[in-house]
Q: 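Could you have a look at this structure, given as structure tokens, before my questions?
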Amino acid sequence: MLPYIFAPQPKDIPQQVSRYIITLFITINLFLLVFYYLNTLLFIPKLLFKKQWIIYILLIAICLYGFLNLPRQLALWMNNTTETKIRTELRRDLKKADSLNFNIQQKGVGDKNSTPAPSIPKRRSSRYFPGSYAVFLLVFAVGTSISVLQQWLKVERTKEKIEKEMLQTELSFLKSQINPHFFFNTLNNIYSLSITGSDQTPSAILKLSAIMRYILAETKNDWVPLQNEIDFLNDYIDLQKVRLTQSVALTFTVNGNISNQRVAPLIFIPFVENAFKYGVSTIEPSFIHINIAIQNNTIIFSVKNSIVSNAGNSLTETTGIGIKNVERRLTLLYPAKHELKIKNEKNIFSVELTLVQVV
């Protein structure tokens with residue numbers, strides 16, 4: 001609209017035609033504006049995204065037909081004229097232009113030294129009837145593209161939010177599977193101490209209290225300081241020591257700088273618990289060796305235990321769920337940043353878990 005208003009206009013354009021052109025531009029722009037918002041706010045959300053293709057295409061076709069006719073008719077009505085009058089004015093204007101062009105060319109032929117007169121091109125009536133279907137299709141394409149892109153981004157954000165919620169739910173479920181099993185075994189140990197009237201019962205209850213406080217408070221977080229996890233393992237090992245005999249060789253060592261190191265809570269306990277469950281014998285010699293080593297931003301956890309003679313088959317059968325549980329947590333919390341090696345050979349069960357610092 002503005003380029004036409006401020007552009008230099010030939011003086012021979014009839015005033016009625018000029019007013020008509022300005023009105024036509026205004027009605028065309030208003031129609032395109034209304035169509036844009038109808039398409040993006042009503043047609044696309046209510047029809048296109050709900051796969052009502054036929055109704056959507058029909059409405060777009062109706063709008064295109066209206067675009068090609070309604071602005072012109074409205075401009076004619078507002079200027080109190082008809083298309084016939086406009087065309088008559090245009091033909092009269094074109095005849096004047098043709099006559100002027102012919103006279104200039106004749107003068108140029110009579111004078112050999114004169115320069116050829118510039119040819120004045122005939123103005124076409126199309127300049128007075130702007131607004132083709134190409135403009136409509138451009139507005140349609142831009143509006144549809146923007147709406148589809150916005151919908152796609154909305155779907156992606158919703159999908160990402162759902163995935164995060166599902167991840168948190170799954171992690172909570174996996175941790176809840178650890179807690180009851182762990183408490184069951186620990187309470188059994190304390191029950192055995194109380195039956196025998198052991199003086200270690202009060203100390204064991206305090207250790208269990210510290211363990212319960214850690215599980216209830218710290219496991220709500222995705223990450224905890226490595227020192228807290230080590231303290232938790234020490235409390236658990238101290239509880240297990242009360243039922244061990246002199247035939248069991250037990251070591252738990254930590255090497256490296258553990259400050260500023262963080263780890264997923266309860267990520268080591270299934271392997272330690274498994275070692276005490278299947279690697280301890282009150283009759284034959286047995287051993288459990290646990291080590292945590294820190295190298296730069298890498299945590300290497302290893303546990304190696306003997307397999308007692310009556311635990312060979314049950315070890316493979318009953319640890320499968322626990323190992324799968326840990327493997328799934330590792331996949332969710334340490335994607336492409338962990339390595340788990342499990343070996344079962346020559347009556348020795350060993351686990352080596354390498355974790356690259358994530359946070």
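Note that the numbering runs from 1 along the sequence shown for the chain.
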Q: I'd like to check the salt bridge (Lys or Arg N to Asp or Glu O under 4.0 Å) partners of Glu345; sequence neighbours left out, ordered by chain and number.
A: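 Result, salt bridge (Lys or Arg N to Asp or Glu O under 4.0 Å) vs Glu345: none returned.
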Q: Verify the ring-centre separation between Trp223 and Tyr334: is it less than 6.0 angstrom?
A: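 Yes - the distance between ring centres of Tyr334 and Trp223 falls below the 6.0 Å cut-off.
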Q: Tell me whether the rings of Tyr236 and Phe276 are parallel (<30°), tilted (30 to 60°) or perpendicular (>60°).
A: perpendicular
Q: Within a strict 4.5 Å, meaning less than it, do heavy atoms of the Val263 and Phe301 side chains meet?
A: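 No, every pair of side-chain atoms sits at 4.5 Å or beyond.
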Q: State, to 0.1 Å, how close Gln261 and Asn296 come at their nearest heavy-atom pair, and which atoms those are.
A: NE2-O, 3.1 Å
Q: Linking Ile, Leu, Val, Met, Phe, Trp and Tyr through side-chain heavy atoms less than 4.5 Å apart, which residues share a cluster with Leu74?
A: Trp77, Met78
Q: Identify every side-chain donor-acceptor pair in residues 246-258 under 3.5 Å, counting partners at least two apart or on other chains, and give the distances.
A:
unit_1: Ser247; atom_1: OG; unit_2: Thr245; atom_2: OG1; d: 2.8
unit_1: Ser247; atom_1: OG; unit_2: Ser281; atom_2: O; d: 3.2
unit_1: Thr251; atom_1: OG1; unit_2: His289; atom_2: ND1; d: 2.8
unit_1: Thr253; atom_1: OG1; unit_2: Asn291; atom_2: ND2; d: 2.6
unit_1: Asn255; atom_1: OD1; unit_2: Asn291; atom_2: ND2; d: 2.7
unit_1: Asn257; atom_1: OD1; unit_2: Ser259; atom_2: N; d: 3.2
unit_1: Asn257; atom_1: OD1; unit_2: Ser259; atom_2: OG; d: 2.7
unit_1: Asn257; atom_1: ND2; unit_2: Ser259; atom_2: OG; d: 3.2

Q: Please name the pair of heavy atoms, one in Asn260 and one in Gln357, separated by the smallest distance, quoted to 0.1 Å.
A: O-NE2, 3.5 Å
Q: Are the aromatic rings of Phe35 and Phe67 close, with centres under 6.0 Å apart?
A: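 No, the ring of Phe35 stays outside the 6.0 Å limit from the ring of Phe67, centre to centre.
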Q: Which residues pass the side-chain hydrogen bond (donor to acceptor under 3.5 Å, both in side chains) test with Gln227, not counting sequence neighbours?
A: Asp231
Q: May I ask you to check whether over 12 heavy atoms, not counting those of Tyr37, lie within 6.0 Å of atom OH?
A: no
Q: Please list every donor-acceptor pair under 3.5 Å in which a side-chain atom of residues 140-151 meets a protein atom from a residue at least two apart or in another chain.
A:
unit_1: Thr144; atom_1: OG1; unit_2: Asn39; atom_2: ND2; d: 3.3
unit_1: Thr144; atom_1: OG1; unit_2: Phe140; atom_2: O; d: 2.8
unit_1: Ser145; atom_1: OG; unit_2: Ala141; atom_2: O; d: 2.7
unit_1: Ser147; atom_1: OG; unit_2: Gly143; atom_2: O; d: 3.0

Q: Quick one: list whatever passes salt bridge (Lys or Arg N to Asp or Glu O under 4.0 Å) with Lys341, sequence neighbours left out.
A: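 For Lys341, the residues satisfying salt bridge (Lys or Arg N to Asp or Glu O under 4.0 Å) (neighbours in sequence not counted) are Glu339.
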Q: For Pro270, is there any backbone N or O sitting under 3.5 Å from a side-chain donor or acceptor partner on Asn274?
A: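 No, because the side chain of Asn274 does not come within donor-acceptor range (under 3.5 Å) of the backbone of Pro270.
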